[in-house]
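Worksheet: the structure to be examined is printed underneath.
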Amino acid sequence: MKNTVTPDFKHIGGKLLIWYGKNARDLPFRQTKDPYKIWICEIVFQQTRISQGLGHYTNFTERFPDVKTLAEADENEVLLYWKGLGYYSRAINVHKAAQQIMNDYDGIFPGEYEEILKLKGVGKYTAAAVSSICFNGKIPAVDGNFYRVLSRVFADDFDVSSSRAFNYFSDLAHLILPDNVGDFNQAMMDLGSEVCKPKNPLCGECPLNQDCIAFLTNKIYNFPVKTKKVKAEGLELKYYFVHRNGEFLIQQRKDDFIWKKLFEFPPQISDELLPFIKSVKTVHHKLTHKNLSIEIYNVEVDSEEAWNNFIAENDYMISDYESSHQKSFPKPLENYIGNYHTAYRIL
Ligand code: SF4
């Protein structure tokens, strides 16, 4: 830790709280201390911008207003209500965690940081956020906002891509932590996304501009320091859109790799169906650490016998355009179904 950081910096947390008192964003989950709602909100907004995820958050919590309702829901319905948010493993995890709360905690949301951390899919950031906002816990919810704000305020060149960054910035945050850690965590979230933005931070409006070493020394863009870039890995996939008379074949993914539990088209076909391939389209799609290249073959089966044989040999389900809305597909396949429907109006 740099010796520029001294207990004097405690006043920074206080300044942030005063600023938050006047500038907190008026968001629906700010009106509650219900740990269930705060937990869902933290998971929903982990990889989704607030403006994009707000409607989904509201729909999800209206349909599943408490732990019990979520725990008792069918997994496919939970996935359906997660539609549009992506990263579906988060939906599977919140469903499992709700069941965990019913089974291990008699349906009462645990209040201790260590217990919250035991819930499926909950990491240190989410556990700290829920425990501080709802149970007066004293742990900073350190995320990318903390890294950016703290490294600029202290002009600290600790590498945020290092595996030790989380512990390092947690220690740094403790030095400025006020008593009200729940509000402090939310203030850092707002400051990081509204003021101390990665590009063009609004330093003139920032409550910390008289303390921020990077600003005072005109070195804002030197921080945060990030040396490692995660290189996206290329991945090729192949699907067959096997259809006949407005119906097409699907299955639910079982493997843990990507898109677990979502629906997909058959990844292979029998030799008997090869003559029915009409065209192929290549779709490119980015996931966090993967660049996907997906070939989708349009297999228009005009033989009832071949269609029946293929269904009999495999375990595929039959869907149509309307019923596909009741299931969650990976975005590229959902788009394919939509485009096909628009182009041909036969599904
Ligand atoms: S003064 Fe600028 S760089 Fe420093 S914390 Fe505020 S917004 Fe960020």
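Atoms within each ligand, like the ligands themselves, are counted from 1 in listed order.
- Heavy-atom proximity to Asn209, at under 4.0 Å, picks out these atoms of ligand 1: 1 (S).
- Taking each heavy atom of Phe265 and Ile337 in turn, the nearest pair found is CZ-CG1, 3.6 Å.
- Cys196 SG, 2.4 Å is the protein heavy atom nearest to atom 8 (Fe) of ligand 1.
- Summary of contacts: the protein heavy atom closest to atom 2 (Fe) of ligand 1 is Cys203 SG, 2.4 Å.
- Between Tyr239 and Tyr297, the gap from one ring centroid to the other reaches at least 6.0 Å.
- Annotation for ligand 1: atoms under 4.0 Å from non-hydrogen atoms of Cys206 are 1 (S), 5 (S), 6 (Fe), 7 (S).
- Distance from atom 3 (S) of ligand 1 to its nearest protein heavy atom, with residue and atom name: Arg152 CD, 3.6 Å.
- In this structure, Tyr81 and Phe64 have perpendicular ring planes: the angle between them is above 60°, well past the 30° mark.
- Cation-pi geometry between Lys37 and Phe29 is not satisfied (NZ or CZ under 6.0 Å from the ring centre, within 45° of the ring normal).
- Taking the six-membered ring where the residue is Trp, the centroids of Phe310 and Tyr316 are separated by under 6.0 Å.
- Summary of contacts: the protein heavy atom closest to atom 4 (Fe) of ligand 1 is Cys212 SG, 2.4 Å.
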